[in-house]
Amino acid sequence: MALNYNPREIEKKWQERWARDRLYEVREDDPRPKWYELHMYPYTSGNLHVGHWYALAPADVHARFMRMKGYNVMHPMGFDAFGLPAENAAINHGIHPHTWTMQNVENMRRQLRSIGAIYDWNREVVTSLPEYYKWTEWLFLQLYRGGLAYRAKAPANWCPSCQTVLANEQVLPNGTCERCATEVTRRDLEQWFFRITKYADELLDNSKIDWPERINIMQRNWIGRSEGVEISFDIEEYGLEEKEIRTFTTRPDTIFGVTFMVLAPEHPLVSKLTTPEHKEEVERYIEAARKQSEIQRLSTEKEKTGVFIGSYCVNRLSDEKVPVWIADYALLTYGTGAVMGVPAHDQRDFEFAKKFHIPIKTVIAPRGWSGEELTEAYVEPGTMVNSGRFNGLSNEEGKKAIADFVEKESIGKLTVSYRLRDWLISRQRYWGAPIPIIYCDKCGTVPVPDEDLPVLLPEDAAFKPTGESPLKYHQGFVHTACPQCHGPARRETDTMDTFMCSSWYFLRYADPKNNQAPFSKEKIGYWLPVDQYTGGAEHAVMHLLYARFFIKALRDLGLVDFDEPFLRLFNQGIIIAQRHKMSKSRGNVITPDPYVEELGADVVRAYLMFIGPWDQGGEWSDSGINGITRWFNRAWNLALSDPDELAGRPADVKALQELERMTHKTIKKVTQDLERFRFNTMLAALMEYSNYLATAWESRSVDSSAWRKAIETFLLLLAPTAPHLTEELWEGTGHPYSIH
RNA sequence: GCCGGAGUGGCGAAACAGGCAGACGCGACGGUCUCAAAAACCGUUGGGAGGCAACUCCCUUGUCGGUUCGAGUCCGACCUCCGGCACCA
């Protein structure tokens, strides 16, 4: 489509001018109030696609809006550069991950510049560079010293044929390896964790943050706090070191209805309690469970499976002996890894008991119940029956009475259980920040001293899958001297989860060049916390929760003095193409570059904003982009209409009043919509306004000064959306540089 | 499966607090301009019925049911699609 103006020329011109004038570099000694507007940094996947633009351009519009409102706005940009795709590129194409990453950074910088955003490039961070990951390592050590990092065994996906650990993404939906189609199993490895569960209750508190309710709900459900009782079942008769099986339940009132016990297949007591005649079957079952994903295991749809392991435990309240089973619906990671089976009052237990012909004992009577068999679990309130001395209580009273009783008798205790698990940060991969830990036979686990940081990633490690972390085979890396006794020692060869890098990058933007510390307290004190964070809702429970945890941990370590990293959050939706999120692996990526080249960044910015509500995303189609081009063309002509043509006309008082009313209505609407990220209706209002102005021009009903004022207002309101076009027109209508 | 969202004309959508459904745009159709086309501009455009006409009537917000004087909006059940589910980031 033909344009009345040349976007390529004017966009280049103004971008160069803004850069030359350092218009968007920000400082801490600025008298204006600060505003930290942050968008989630992109992963260095190679190209910015339409999905990135959809996220970044409107975020910049909001940042520009705050800037025009008189704030000292920092709107930084950087790159999330460690991770699996770089390593895959190395394996598949023989390019070093560093080379691949930096090529992508180079290309993405160029694309990012074309958006016309107010990024202060002096503050850029690239997480895979030593000057950044030195501090990622340093922060790991702070958490380690603060008792928030620990090592424990945890399962990882394992391909027996490739002899390698697989990411979940590398396991096909049918449970096989994406490279060789071998069935994937799980293997226990010693791995590092962060104690995020210590902060579970504080993370539940969202009173200090202004976030979308749906994100708060997702985080709350993810943390999954439930109050209940830990109750022990007796296994003394087996003469083991362990005398009891500990279970967690939120329904102590149903304790007399327990007719079986279910352990997670991975539970440490399983091998000890399995009798010889059940051994073979139990081992087969455990093997099968290791091949199931957690999603499969927790499906309430699939038929229950399990095996009896040959032993019994005793319910200390009823003195009843119940059989011990294992079943994959019990998870070692939740509660105590043991579930007391109450088929009458839990649907999963009910289905399990039905399938394996285990008795079902009703202990909470529905109203009007006269002893008939249940056809499904009864989970509503009722009266306790078959429960010894507790008969006749309402089940709510019973909950409390039984909890008191087990506490008094030392059979159990009131406790709180969380669905949230500690954060596993170990990755058996090359392309990540090394975990700065040394293992010494004499001194044990020794942190790398600060002065030896960073532990550099060796450039010449092998990336081919070998069955271990690539670094394990790099002799020069592994073998080192113990910092304490100077004897021979080995380095940790796992690297850190990339979510670790993204849990503090927003702090580094405040002080990106600091080589004495990750950040200075003064600069953090000025800029942080982030006033407005924007990014995809797909990060609702992982990145956003990890970052919150990280800040709380740093606060308790005395490194920062605020509680929440992101005060306000807005999640833009996802642009889909061919019904799915755009991703390189899916191959449905659409590049904006040709549209930017032909129609200009301003048109692409405005079009993406006009598609629909920003938080809902949408399907990319280029069919409507002409509408924006036409509108900008009309706006161009309108703004450059010669106001002198209106000079000397008799003022039509009514028309002037109406123009004024329309102007104020539009200002109000545009301001409110920008505050709430309602970009689509903001643009609709501006279109209505320009249509109105066109009619006013045609009828020559207003005078030249009113006209000048109206055009000025229009350009100011459009400026955050179309920074280049409005800058050009601002100059063209005789205003001093710059509109921004 | 579990958690969180979404579903409105041919298409993207609007209706922000329960009060005229479809703003703004795309597309389509008709017209102006042109040798012709493109562009631009003007007009029409949810579906159906009636009227020469100004206009009038009926239907319509995924499905079914409910609350209400009144429901796209609130409640219940269901269907479909999207995001996340702890090693993609």
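On a predicted model such as this, the values are computed, not experimentally measured, just so you know. Residue numbers start from 1 in every chain, and the chains themselves are labelled A, B, ... in the order their sequence lines are given, proteins ahead of strands. The basis for the numbers below is simple: all heavy atoms, side chains too, and nothing from hydrogens, waters or symmetry mates.
Between B/U60 and B/G9, the two C1' atoms lie 10 Å apart (nearest whole Å). One C1' atom belongs to B/A6, the other to B/G30, and the distance between them is 37 Å to the nearest Å. Here the separation of B/A28 from B/A39, taken at their P atoms, is 10 Å to the nearest Å. The same atom, P, is picked in B/G83 and in B/C74; the two are 24 Å apart, to the nearest Å. Nucleotides B/C29 and B/G47 have their P atoms positioned 15 Å apart, rounded to a whole Å. Comparing the same atom, P, in B/C87 and in B/C81 gives a spacing of 28 Å after rounding to whole Å. Comparing the same atom, C1', in B/C42 and in B/C59 gives a spacing of 32 Å after rounding to whole Å. The gap from the P atom of B/A15 to that of B/U73 amounts to 15 Å, rounded to the nearest Å.
Considering A/Thr101, A/Val126, A/Leu457 as possible partners of A/Phe82, the one that fulfils the side chain to side chain contact (heavy atoms under 4.5 Å, CB included) test is A/Leu457.
In this structure, of B/A86, B/C88, B/G4, it is B/A86 that holds the atom nearest to the side chain of A/Met542. Taking only side-chain atoms of A/Glu688, from C-beta outward, the nucleotide of B/C87, B/A86, B/C24 with the closest atom is B/C24. Each of B/C16, B/C87, B/G1 was ranked by its minimum atom distance to the side chain of A/Ile295; first place goes to B/G1. The side chain of A/Asn221 approaches B/G4 more closely than any other nucleotide in the set B/G4, B/C24, B/C26. Each of B/A40, B/G84, B/A23 was ranked by its minimum atom distance to the side chain of A/Ala684; first place goes to B/A23.
Salt bridge status for A/Lys552 with A/Glu202: present, with a side-chain N to carboxylate O gap under 4.0 Å. A salt bridge does not link A/Asp328 with A/Lys291: every distance from a Lys NZ or Arg NE/NH1/NH2 to an Asp or Glu carboxylate oxygen is 4.0 Å or more. Ion pairing of A/Glu213 with A/Arg220 is present here, as a side-chain N (NZ or NE/NH1/NH2) and a carboxylate O approach within less than 4.0 Å. In summary, A/Glu124 and A/Arg109 engage in a salt bridge, as defined by a charged side-chain N under 4.0 Å from a carboxylate O.
Residue A/Asp615 is out of contact with every strand shown, counting any heavy-atom pair closer than 4.0 Å. Base contact: A/His539 has a heavy atom under 4.0 Å from a base atom. At a threshold of 4.0 angstrom between heavy atoms, the contacts of A/Arg421 include nucleobase atoms, whether or not backbone atoms are also involved. Nucleic acid contact class of A/Ser502 (heavy atoms, under 4.0 Å, all strands): none. As judged by a 4.0 angstrom heavy-atom cut-off over every strand, A/Leu683 is placed among residues making no nucleic acid contact.
Within the 4.0 Å cut-off from OP1 or OP2 of B/G27, at least one side-chain nitrogen or oxygen of A/Asn626 is found. Close to B/G27, at under 4.0 Å from its OP1 or OP2, lies a side-chain N or O of A/Arg630.
Side-chain atoms of A/Tyr546 and A/Asp497 form no donor-acceptor pair, as typed in the model, at a separation below 3.5 Å. For the residue pair A/Tyr689 and A/Thr663, a side-chain donor N or O sits within less than 3.5 Å of a side-chain acceptor on the partner. A/Thr136 and A/Trp504 form a side-chain donor-acceptor contact under 3.5 Å, judged by distance and modelled atom types alone.
With its glycosidic angle more than 90° from 0, B/G22 adopts the anti conformation.
Between A/Phe499 and A/Trp423, the gap from one ring centroid to the other reaches at least 6.0 Å. Ring to ring, A/Tyr607 and A/Tyr595 are not that close: their centroids are 6.0 angstrom or more apart. Aromatic pair A/Trp192/A/Phe140: centroids less than 6.0 angstrom apart.
Remark: P of B/C3 and CG of A/Leu544 are 21 Å apart, rounded to the nearest angstrom. Between A/Ile215 atom CD1 and B/C3 atom P there is a gap of 16 Å when expressed in whole angstrom units. Between the C1' atom of B/C42 and the CZ atom of A/Arg634 lies a distance of 13 Å, rounded to the nearest Å. The CD atom of A/Gln191 sits 12 Å away from the C1' atom of B/A86 (whole-angstrom rounding). Nucleotide B/C85 holds its P atom 17 Å from the CG atom of A/Leu331, rounded to whole Å. Residue A/Met609 contributes atom CE, which lies 17 Å from atom P of B/C26 at whole-angstrom precision. Taking atom CD on A/Gln292 and atom P on B/A86, their separation rounds to 14 Å, with Å as the unit. Note: CH2 (A/Trp222) to C1' (B/A86) measures 4 Å, nearest angstrom.
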Convert the base pairs of RNA chain B into dot-bracket notation, remembering that pairs crossing earlier ones are written with [ ] and that bases paired across to another strand are shown as |; include only Watson-Crick or G-U pairs under 3.5 Å. (((((((..(((......[....)))((((((.......))))))(((((....)))))..(((((..]....))))))))))))....
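Put simply, the side chain of A/Glu538 and the base of B/C88 share no donor and acceptor less than 3.5 Å apart. Contact annotation: side chain of A/Gln428 to base of B/C87, donor-acceptor pair present below 3.5 Å.
Looking at which nucleotide of RNA chain B each of A/Glu213 and A/Ile628 is closest to, the 5′-most match is held by A/Glu213. Nearer to the 5' terminus of RNA chain B, by closest-nucleotide assignment, is the contact made by A/Ala685 (compared with the other of A/Ala685 and A/Asp497).
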Can you check each nucleotide of nucleotides 9-15 of chain B against protein heavy atoms at under 4.0 Å and return B for base, S for sugar-phosphate only, - for none, in 5' to 3' order? ---BSSS
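By the neighbour-count criterion of 12 heavy atoms within 6.0 Å, atom NZ of A/Lys355 is densely surrounded, having more than that number from other residues, nucleotides or ligands.
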